[in-house]
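These notes are about the structure you will find just below.
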There are 2 protein chains.
Amino acid sequence: MSTVGKAISLLELFTLAEPELGLSDLARRSGFDKATTRRLLVALTGHGLVEQDAATRHYRLGAGLSRLARIREARFPFLQTAVPLARDLASATAETVHLSEFGIDRLVTVHVEHPARANRVNVDIGQLLPLHSTASGIVYLAFAREEAVKACLAGPLDAFTTHTLTEPVAVSHSMTEARERGYSICDQGLEEGVISVAAAILAADGFALGTIAVAAPKARTTAADIAERGLAAVAAAREISMRLNGDNLKALRRQA
Amino acid sequence: MSTVGKAISLLELFTLAEPELGLSDLARRSGFDKATTRRLLVALTGHGLVEQDAATRHYRLGAGLSRLARIREARFPFLQTAVPLARDLASATAETVHLSEFGIDRLVTVHVEHPARANRVNVDIGQLLPLHSTASGIVYLAFAREEAVKACLAGPLDAFTTHTLTEPVAVSHSMTEARERGYSICDQGLEEGVISVAAAILAADGFALGTIAVAAPKARTTAADIAERGLAAVAAAREISMRLNGDNLKALRRQA
DNA sequence: CTGATATGGTTCATTATTTGAACCGTTATT
DNA sequence: AATAACGGTTCAAATAATGAACCATATCAG
């Protein structure tokens, strides 16, 4: 792995659950030597991507990341446009709504709206979603480039529950249904007792760049709920796509 | 410079004005060899910190940055808490309000609220503010750790306009005034015709972690405006500090 | 149509940076 | 007082980064 890759994989060790980590901890988890880990941290700190708490000496993600993310967001106002619609969808469905953006070989959860009720599905910001075993992943693939689909189906399709689709043909079939329907349905593919629907958010080239999904406890979800949420998610996704692409209708050809 | 540092300095070449850059451009601006530049970009792309446009082959900041920034923001909800108050301040003053966070040796503009009027001061997200020549910088220093102040005054104090304070004692005096007043005033220190006031946002340890500032065209700004905005900025900053630190009053001792 | 000059991307011997075992000084814990 | 954890540092050895020269392609001017 390149040195740069190592440095970035250090950044990836910070999670919502553990946003601050000590040097030894980081070395252990990354598998790098303590000296190496430290040198990488110093380099990252020197550019503001990591900060060190003056008191505890622990490290955390730095303000420089906010800066870079805001520049990206300004160019590509995904959150800015999508969050209000996600919020609407969350209050309409009274279930958890999350937005994801594609990155490398997974979807990245970039925003979550939790409904104000005790029994709900919990999704964390920053969580990485596999493509074959989530509603978001399936609908993403349904509207993705051919290469991305091939790459996913060629790779290993891990089973997370007994319901996870691990056969390429099954995943492919699920994608076709999603494409025809406009939204995907994933029944406990990633976690037991959770059923989700998702719709694709399209870039100007007509391919998916992210998704919007509704996740709910299966126990209280009827077939009618699924259909209703699916259509609502499609409407929200279409609106987001339109706003992102300046009402460029051509971009939406694939979802029409 | 470490390889990691080089990679990060590539990220820093992307700005609001030029959010997409080609390989040759990046190599030229960074001063690195084209092969080196590409290898770094490949490493960054592999971890989602950079993306490549499929059509133009140009590079831009990637979704992975959004993810990391959101994790940081969840731990440290600076924007989440501060933006609503910045918005209130902007509508109350009808002038540009910006939020900055400290990073390395500068303040980083992480949010901007522009008033809905033609003649206003324009501030860009991601803009880096020097400490000695901006209202934000002065008030930050006024409530910063001794070391940070020393480091700033020891370094070169560049003049951006004829009004910029370039003498350490002058800057120091300006800091003292800001500390006593609660807010800083910067009269055309960074740009001609712009006058700003700023107040410090404090961390739990009582030291500044960022600032909130109001910037206005000097031509239409009276002394009364300055005082009014200064007090409003202090009120906003205090509210943000309180919300960030869970009403921990001890944290606010220095501003009291 | 051609030559000149861009662009993105690749190669591989040379070179310089990264690496990690062993080290130090502190700070809990026993 | 002894132990073990922590953060941080050192320097010869090992490894990864470097960059001049190289393609292939695209664009432009004459």
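Here the structure is a predicted model, which means the values were calculated and not measured. Within every chain, numbering begins at 1; the chains are lettered A, B, ... in the order of the sequence lines, protein sequences first and strands thereafter.
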Salt bridge (charged side-chain N to carboxylate O under 4.0 Å, His left out): pairs with one or both residues in residues 41-56 of chain A, sequence neighbours excluded: A:E51-A:R60, A:E51-B:R72, A:D53-A:R60
Residue pairs involving residues 147-159 of chain A (criterion side-chain hydrogen bond (donor to acceptor under 3.5 Å, both in side chains); sequence neighbours excluded): none
Closest heavy-atom pair and its distance - B:L157, B:C152: CD2-O, 3.7 Å
Range on DNA chain D touched by chain A - first to last nucleotide, heavy-atom distance under 4.0 Å: D:dC6 to D:dA17
B:Y59 vs C:dG9: side-chain N/O to OP1/OP2 distance below 4.0 Å: yes
Under 4.0 Å protein heavy-atom contact, by nucleotide of nucleotides 14-30 of chain C - B base, S sugar-phosphate only: ---SSBBB---------
B:R57: partners by side-chain hydrogen bond (donor to acceptor under 3.5 Å, both in side chains), with sequence neighbours left out: none
Helical bend (five base pairs per end, nearest 10°) for the helix from C:dT10-D:dA21 to C:dT30-D:dA1: 40°
Residue among B:L44, B:L49, B:V42 satisfying side chain to side chain contact (heavy atoms under 4.5 Å, CB included) with A:V4: B:L44
Minimum heavy-atom distance A:L165-A:S174, with the two atoms named: CD1-CB, 4.0 Å
Residue-level proximity of residues 17-29 of chain A to DNA chain D when a heavy atom falls under 4.0 Å: A:G22, A:L23, A:S24, A:R28
Partner set under side-chain hydrogen bond (donor to acceptor under 3.5 Å, both in side chains) for B:Q52, not counting sequence neighbours: B:Y59
Closest non-hydrogen atom pair, A:L68 against B:L11: CD2-O, 3.8 Å
Contacts of B:N122 that satisfy side-chain hydrogen bond (donor to acceptor under 3.5 Å, both in side chains) - sequence neighbours left out: B:H114
Pairs flagged by salt bridge (charged side-chain N to carboxylate O under 4.0 Å, His left out) wherever residues 30-39 of chain A is involved - sequence neighbours left out: none
Pairs where residues 126-143 of chain B contributes a residue and the test side-chain hydrogen bond (donor to acceptor under 3.5 Å, both in side chains) is met, not counting sequence neighbours: B:S136-B:T211
Partner residues of A:D25 under the salt bridge (Lys or Arg N to Asp or Glu O under 4.0 Å) criterion, sequence neighbours left out: A:R28, A:R29
